[in-house]
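Naming convention: chains lettered A, B, ... in sequence-line order (proteins, then strands); numbering from 1 in each chain.
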2 protein chains.
Amino acid sequence: MKRGALDPVVQESTPAIIARKIRDAIARGDFAPGVQLGEAELAKELGVSRGPLREAMQRLTQEGLLVSYRNRGLFVVSMDQDDFRDIYLARSAVEVAAINRVAGTDPEGGAAKLMEAVRAMEAAAATPDGQAITEADMRFHALLVELAGSPRLKKMHDTLLTETQMCLNALKSTYDTADKRISEHKGIAEAISRGDSDLAEKLLAEHMDDALMRLIP
Amino acid sequence: MKRGALDPVVQESTPAIIARKIRDAIARGDFAPGVQLGEAELAKELGVSRGPLREAMQRLTQEGLLVSYRNRGLFVVSMDQDDFRDIYLARSAVEVAAINRVAGTDPEGGAAKLMEAVRAMEAAAATPDGQAITEADMRFHALLVELAGSPRLKKMHDTLLTETQMCLNALKSTYDTADKRISEHKGIAEAISRGDSDLAEKLLAEHMDDALMRLIP
DNA sequence: GGCCCTTCGATTGTCGACAATCCAACTGTA
DNA sequence: TACAGTTGGATTGTCGACAATCGAAGGGCC
């Protein structure tokens, strides 16, 4: 019998599933920052009892997406400008590390996949859907960290990305032109392909500064 | 009435307290990697019911300290060499960002506090307790990230530090001489005090490589 | 009118009990 | 002896119910 043909079945736990659903809803903006999440109501809506639901909430609290006030309830975290800055600072830390890792191990292969993501951004820019290019943008950054092959960097980055989405929902930032947005990403990918991690790092820092400046005037 | 004289009382939730206790126990090595944590037993020992306990477990699972196998239970994560490498990679990412932040905002003040932590290491080295210097070592790194003033970097780093402790417990790594260990940290602090973040970054990278090499031969 | 106290409804925090699932040991068969 | 099937004990997953706490509305007092 051929070995390694089958992946072990992973049964996701119920709290993990619930947490994902609520996390996505928060990222989409379906739950506005600051609003309270009533347990009974959510449990009824999801078709589970309060037990598993509360376990899921603890996950999201640990992640920093919810804040808990004892005996009062759980609330979607509301972020101020300091949080915006902090999110982009932390994202820079993670993505810079990813750049160095990719540029130091597989520059060409990694950059090729990143260029594919850039092309996806170009395709998204051609559509009238304004949300599409933002999603493609975030996928670029998610891919960059994935390519680094570090489970811990990836996990940290995932939460940072949902927080980023919350920022964007709150402040509806927009690029004036999609061209600049695309070329910035392309520049990073090209620098990586050349193994020039210093340049890629510098370009990323500028890219992050730009994004932050669009959020905070 | 004078304003701002009182801090708001923060009532830590029960799951948060339980999670901290178990997290500390894991960091200390009281729960060896790979062992199963029975809910009933733990609940009885902590004097709570299984409800809040399970909520705490979800926190630790989200943190990556426990792994959950459905219908089988929760186990302390067991780490291999890839995990060791990944932990030090992620720590480098966070601490490099902290260095740049401290060196870029308050180099002298930050470095002064770091030098204090170095002196604490020297004091610990003078004691026969071999664990003391390791704790002082980790406090140096924790302080470095605290000085960056980023809640997100700090939270990420805290989990990485407990994972680091798990590594050390598993492999009992030791420096041959405490002098080298202290001088490495002193060098980083001095580089920061001069605002030379590039040098500090380079020294930290070497410091991390050294630590990893002592773990993985 | 303004302030404090009390009461009430609603929500959270906690617990015990039941059902579902899994692992290990045992039994029977070829 | 080796293997498939069965049974039993123990643990996890889920639920409903009760107690504790909080915020808001109402009433009384100065």
A:Y88 vs A:L160 side-chain heavy atoms within contact, under 4.5 Å: no

Any side-chain heavy-atom pair of B:R54 and A:Q58 under 4.5 Å: no

Within residues 70-78 of chain B: residues closer than 4.0 Å to DNA chain C (heavy atoms): B:N71, B:R72

Near-strand residues of residues 32-45 of chain B, defined as heavy-atom separation under 4.0 angstrom from DNA chain C: none

Restricting to side-chain contact (heavy atoms from CB on, under 4.5 Å), what partner residues turn up for [X], sequence neighbours left out?
X      : answer
B:A125 : B:I133, B:A178, B:I182
B:R28  : B:D24, B:A25, B:D30
A:A142 : A:K154, A:L161

Inter-axis angle, terminal five-pair segments of the helix from C:dG1-D:dC30 to C:dA30-D:dT1 [nearest 10°]: 10°

Scan the side chains in residues 66-74 of chain B for donor-acceptor partners under 3.5 Å anywhere in the protein, sequence neighbours excluded, and list what turns up.
unit_1	atom_1	unit_2	atom_2	d
B:R70	NH1	A:E12	O	3.4
B:R70	NH2	A:T14	OG1	2.5

Where chain A begins and ends its contact with DNA chain C, read 5' to 3' at 4.0 Å from heavy atoms: C:dT12 to C:dT14

Show me the donor-acceptor pairs within less than 3.5 Å that the side chains of residues 104-119 of chain A make with the rest of the protein, sequence neighbours left out.
unit_1	atom_1	unit_2	atom_2	d
A:T105	OG1	A:R101	O	2.7
A:D106	OD1	A:G109	N	3.1

Sugar-phosphate only, base, or nothing, as touched by A:S13 at under 4.0 Å among non-hydrogen atoms: nothing

Identify every side-chain donor-acceptor pair in residues 40-50 of chain A under 3.5 Å, counting partners at least two apart or on other chains, and give the distances.
unit_1	atom_1	unit_2	atom_2	d
A:S49	OG	A:G51	N	3.3
A:R50	NE	A:E39	OE1	3.0
A:R50	NH2	A:E39	OE1	3.0

Residues in contact with DNA chain D, drawn from residues 48-61 of chain B - heavy-atom cutoff 4.0 Å: B:R50, B:R54

Sidechain-backbone polar pair: B:D83 side chain, B:D80 backbone, donor-acceptor under 3.5 Å: yes

All salt bridge (Lys or Arg N to Asp or Glu O under 4.0 Å) counterparts of B:E206, not counting sequence neighbours: B:K202

